[in-house]
Amino acid sequence: MNHIILLQPQQFFAPPNPILVHPPPPLHYCPRPPLPYCPQPPLLCPSGIRWNKPPPGFVKLNTDASYKYISSKSSIAGVCRDEHGIWLFGFSCRVKSESAFEAELLAVREALKLAWDKGLKKIILESDSETVVKRIRNQVIRQPKNQFEAVILECQAYVNRDWDCFIQHTLREGNFAADALTKIGISESFELHVWKHPPEPLSLILLADKIGMEIPRHGALNQNQLGYLKVLKRELLQRNLHWH
């Protein structure tokens, strides 16, 4: 199986302590001419937001949660990809939670646990819950007073283990793959499901992330973008080329 690898040199400066200091600065990309079989997307959505690949040697783990107020049941999910945007694994399951904050927090904890158990050494974890990211990074907890603080303390303990692990906030538009996986997970059981391969409903989103397609703030992929992605997907499959 062939994979598309679009290399884009980047700069990354990791802070010494991801909990107590400011997050790493934004990644900077210097685009190269596109490969002939995977053209850059047309300017269908200028000045938008996109998913950014991690620096060389790192993986990026995006997490999200879908909270159901009426049933107090939520779906959590995560998507892990390498520096080329290639799928490494995903996860999803249902959880009981009293708030969207708790659900997002549980998603981060599960992602950290999975990444550690799989032996990953350099990860950037992104959540679109700014509150969750800030509390994990900044809150000092000596003795947890409730379940929230216990999970926060557990996440902090994972971050401070012997690996390069950084937690940062991303906007919802840069987190669509994890968001889509939470919706697939709604029908799943409370047992954790690890996705070795991406489910088909995520294929266009993963392709959009792969080529750096931008999405407007508070928006989604528009019809022109979806049409372009469908044509590109068909061409790639005809060449037996895979992007995830």
Side-chain angles (χ1 to χ4, degrees), residues 1-10 27 29-46 48-64 66 75 77-93 111 114 118 120 123-124 126 170 172-188 193-216 219-244:
M1 180 181 295
N2 298 319
H3 291 284
I4 300 171
I5 298 179
L6 303 181
L7 296 176
Q8 294 176 308
Q10 307 161 54
L27 308 179
Y29 294 87
C30 302
R32 289 182 177 179
L35 297 176
Y37 51 78
C38 189
Q40 292 291 87
L43 193 61
L44 301 173
C45 176
I49 302 162
R50 65 178 181 176
W51 178 81
N52 290 312
K53 298 181 179 73
F58 277 78
V59 302
K60 178 170 283 189
L61 187 47
N62 289 83
T63 67
D64 203 3
S66 177
S75 176
V79 172
C80 187
R81 287 168 283 186
D82 68 10
E83 63 193 82
H84 308 302
I86 300 300
W87 179 281
L88 298 179
F89 67 88
F91 72 88
S92 64
C93 69
L114 267 175
K118 287 181 174 293
L120 300 178
I123 76 164
I124 297 173
E126 287 186 339
T170 185
R172 171 181 170 272
E173 295 76 19
N175 206 40
F176 273 173
D179 174 72
L181 196 53
T182 65
K183 295 175 174 59
I184 295 175
I186 287 294
S187 60
E188 298 290 329
H193 180 79
V194 177
W195 301 83
K196 295 181 179 179
H197 305 285
E200 176 58 28
L202 267 66
S203 62
L204 292 184
I205 294 174
L206 294 174
L207 182 55
D209 287 348
K210 176 78 174 176
I211 64 177
M213 182 170 281
E214 296 182 342
I215 301 171
L221 293 169
N222 61 41
Q223 291 302 314
N224 289 335
Q225 290 174 312
L226 289 172
Y228 174 81
L229 290 170
K230 290 176 181 178
V231 171
L232 180 57
K233 175 183 175 181
R234 184 166 59 249
E235 292 177 354
L236 293 174
L237 291 176
Q238 288 173 350
R239 295 170 180 262
N240 197 30
L241 296 170
H242 299 267
W243 59 95
H244 51 61

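What you see below is based on every heavy atom in this structure, not just the backbone, and it leaves out hydrogens, waters and symmetry mates. Bear in mind that the values here come from a model prediction, so they are computed numbers and not experimental data. This chain uses plain numbering: 1 for the first residue, then up along the sequence.
- Applying the side chain to side chain contact (heavy atoms under 4.5 Å, CB included) criterion to Ala111, with sequence neighbours excluded, gives Leu61, Thr63, Phe91, Leu125.
- Atom CG of Leu114 sits about 9.5 Å away from atom CG of Leu120, to the nearest 0.5 Å.
- By the 6.0 Å and 45° rule, Lys196 does not stack over the aromatic ring of Phe89.
- The salt bridge (charged side-chain N to carboxylate O under 4.0 Å, His left out) check on Lys233 picks up Glu200, with sequence neighbours excluded.
- Looking only at distances, a side-chain donor or acceptor of Glu83 sits under 3.5 Å from a matching main-chain atom of Gly57.
- Residue Phe58 comes nearest to Ile123 through the heavy atom pair CD2-N, 3.7 Å, listed as atom of the first residue, atom of the second, then distance.
- The side chain to side chain contact (heavy atoms under 4.5 Å, CB included) check on Pro201 picks up Ile184, Pro199, with sequence neighbours excluded.
- We find that Arg81 and Asp209 are joined by a salt bridge, their nearest charged nitrogen and carboxylate oxygen being less than 4.0 Å apart.
- Not one N or O on the side chain of Lys183 forms a donor-acceptor pair closer than 3.5 Å with the backbone of Ser66.
- Distance alone, capped at 3.5 Å, is enough to place a donor-acceptor pair between the Gln225 side chain and the Glu214 backbone.
- Put simply, the side chain of Val79 does not reach to within 4.5 Å of the side chain of Trp195, judged on heavy atoms.
- For Asn62, the side-chain hydrogen bond (donor to acceptor under 3.5 Å, both in side chains) partners at least two apart in sequence or on another chain are Trp51, Glu126, Asn175.
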